[in-house]
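Input: a single structure, listed below in C-alpha cells.
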Protein chains: 2
Amino acid sequence: MNRIFGSANDLTVALRVNGADGMPPASLELDCSVPWSRRKLAARQHIFHQGDEQSHVYVVKSGFVRLYSLLNNGRCQVIGFKSPGEFVAFEYGSRHRFSAQAVVATEMRSIPTAVFFAAASCDPQFLLRLYNVACEDLSRAHELVLTIAKRDAEGSIAAFMLEIDARAAARGKGDFVSLPMLRGDIANYLGLTNETVSRIFTHFKKRRLIEVRGRYGIRLLDRRTLRSIAEHVPSDRKAMDLESSYVARPMAALC
Amino acid sequence: MNRIFGSANDLTVALRVNGADGMPPASLELDCSVPWSRRKLAARQHIFHQGDEQSHVYVVKSGFVRLYSLLNNGRCQVIGFKSPGEFVAFEYGSRHRFSAQAVVATEMRSIPTAVFFAAASCDPQFLLRLYNVACEDLSRAHELVLTIAKRDAEGSIAAFMLEIDARAAARGKGDFVSLPMLRGDIANYLGLTNETVSRIFTHFKKRRLIEVRGRYGIRLLDRRTLRSIAEHVPSDRKAMDLESSYVARPMAALC
DNA sequence: CGTTATCTTGAGACCAGTCAATGATTGTGG
DNA sequence: CCACAATCATTGACTGGTCTCAAGATAACG
C-alpha cells in the first residue's frame, strides 16, 4: 500500500510507503518544489493511453480507475483497478505501457514525471522503496496469472471478491463493497465472459455466500466458504503437476 | 536485457543494464568489495524456495532455470524461465516471493543481497535503473496475463515459441532454439495441460510451421503464420469487448 | 416515466481437459 | 556397449466447463 498526500500549502509532497510483508513500515518524505495538480474526470475519460509519452505521476483522489493493456490487433485485457489513495501511473520509462481510464467520475492528482524523479534521485532510500513498490506490483501480477491459469470460473470470482473485500477493509469501509466496474470489466480481468460472471454471481447469491445490492454493491456473507472455493482446485492435472521435483528440500545457501 | 559479469580479479562487479524500448542504452557500473560466488547445481536442485529469507542476488552463468509460485494448497504456477546472462532473483524484500529451480545442470553466480544493495545505495542512477528493470519484469508479467487470458491454446503456444525464439536470437544463437524445459513446464506456464501442448506441437509440425529435433530443440519455419496464429483472436466476445469506451480519444495532459 | 445500457437466463456447440494406452528418450547397471 | 527401467511425449476416445448466440428482465439516467 502506498499513498501520496499533497500537503496543506501544496508546495511540498509527502510520499508514504508502508513496509512490505515482514518489513517494518517505513515512511519517507520526498520534497519537491512543484505543487500537485488536480483534475476531475468524467466517467470513461482516459487519464492516459498506452504508448503515450509518460508526462506525469498520478494518484487517485476519489472515484475509480481501470488499467488495461492492448494487443496488436485491438483486443484488450484489464490488468487492474485502482481505488482512492492508490497510484495509477508509477512506471519508469518514456512511454506508458498500458492505458488508464476513469470508470466513474474521478478526481486525480499529479506532478510531472521529471519533477518526481528529479526529487527522487536525490534520495537513495526513497529509490529503494520505489523499487520495492514495483516488486509488490510484480507480485500482484503473478497473483493474477495464478488466478487466471489455475482456477476455474468460480474460483477466480471467489478470489476476486475476497481481494476486493480485503482492499476495501484495509481502507476501513463498511460491510458492503463497492464494485463500480461493469460485469464485463470483471469478466475481462479474469479472462471470462460477462455471462459466466453473471451466472456465478447468481449462483453465489443462491448459496447465500454473498448479498447483492443494486448493481454495484456486494457483501460477503460467508468468507470461509468463498475462500475454500478460491482455493479448491478443479482438476489436479491442470492445477498441479507438483511432481516431487517441485518441492525438493532447500539446498545449502548458495555461497 | 540485463547482464552481470564478474570481473577478472573477482573483486569488482560490473553490472550492465541495457536501455528499455525508446531509451538510449545505458551501462552502469556497480562496485563492491566482495567477489561473486559460483556454484554448480544439478538438474532439479533449487536455488531458493518461496518464503526463504532472501540472502543473495543471483545470475545464471550457464544452464536453465524455472521460476514458479505456489498457492496455499500446494499447486504451482510456472511464472518464468531464465537463460544464461539473466537475473534469477532480483527482488527487494526480506523473503523470496517465488521459487527458483535448475531445470538442467546449471552454474550460478551470486553475491549477498546486503552487499549488493549496500553498493547500490550509493548510486542513485543505478537505483533508477534497478527500478526500471523491475518495471520491465512487470510488463512481462502483464504480457503473460494477456497470453493466458486472451488467447486459445494454439495462440498461446505460438506466442510462446515466438518469444523464446526472439530471446534466443537476441543472444545470437543458431536457428534451432533450445527448450530445456519439459512439455509439462510449458503447459503449466501457459495454463494448459501437457497433452494439449503435445497435440499442438504435432499440429504445427504437420503444418510445417516448426521443425522439432529431439526432445528439446525446435526451429521456427514460418514465423509469419505463427505470428498470425498468436494474434488471431478465437472469439471476439472473450477477447475484446472493446466497446467504444476503451478507445476514446486522448484527453489533454493532466496538468 | 420512458429509453437505453446492462444484466440475467436459457439452450446448444466447441475447445480443452481427463483418462488411458502406446511410443520415444534418457539414464543406469551389468 | 547393450539391455532394461524410468521418465516423458504422443495419440485417441470421451467428458465437461465455458463460450456463443439469443431472448427477456432489471437497473440507470435523462
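Proteins get letters first, then strands, A, B, ... in listed order; numbering begins at 1 in each. Predicted, not measured: the structure shown is a model, and the values here were computed from it.
Considering B:Ile200, B:Leu179, B:Ile210 in turn, B:Ile210 is the only one that fulfils the side chain to side chain contact (heavy atoms under 4.5 Å, CB included) rule with B:Met161.
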Requested in this report: Scan nucleotides 7-15 of chain C nucleotide by nucleotide, 5' to 3', and note B when protein non-hydrogen atoms come under 4.0 Å of the base, S if they reach only the sugar-phosphate, - if neither.
Outcome: SBBBB----
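Defined by atom type and a distance below 3.5 Å, a donor-acceptor pair is missing between the side-chain atoms of B:Glu154 and B:His232.
Counting to the nearest Å, the C1' atom of D:dT10 and the CD1 atom of B:Ile157 are 14 Å from each other. In this structure, A:Arg213 atom CZ and D:dA27 atom P are separated by 13 Å, rounded to whole Å. Residue B:His203 contributes atom NE2, which lies 12 Å from atom P of D:dT11 at whole-angstrom precision. With rounding to whole Å, B:Asn188 atom CG is found 13 Å from D:dA9 atom P. Note: CZ (A:Arg151) to C1' (D:dT18) measures 18 Å, nearest angstrom. In this structure, B:Ile218 places its CD1 atom 12 Å from P of D:dT10, rounding to the nearest Å. In this structure, the CG atom of B:Leu179 is 15 Å from the C1' atom of D:dC8, given to the nearest Å.
The pair A:Glu163-A:Arg167 meets the salt-bridge criterion, since a charged nitrogen lies less than 4.0 angstrom from a carboxylate oxygen. Under the 4.0 Å criterion applied to side-chain N and carboxylate O atoms, A:Glu53 and A:Arg95 are assigned as salt-bridge partners.
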Pairwise N/O distances under 3.5 Å, protein to nucleotides 1-4 of chain D:
none

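A close approach under 4.0 Å does not occur between any side-chain nitrogen or oxygen of A:Thr193 and OP1 or OP2 of D:dT18.
A donor-acceptor contact shorter than 3.5 Å links the side chain of B:Gln101 to the backbone of B:Arg44. Panel note: side chain A:Thr147, backbone A:Glu143; a donor-acceptor pair is recorded below 3.5 Å.
Between A:Ile229 and A:Arg207, the closest side-chain pair of non-hydrogen atoms falls below 4.5 Å. The shortest side-chain heavy-atom distance between A:Leu182 and A:Tyr216 falls under the 4.5 Å cut-off.
Note on ring orientation: taking the six-membered ring where Trp is involved, the planes of B:Tyr58 and B:Phe48 are parallel (angle under 30°, cut-offs 30° and 60°).
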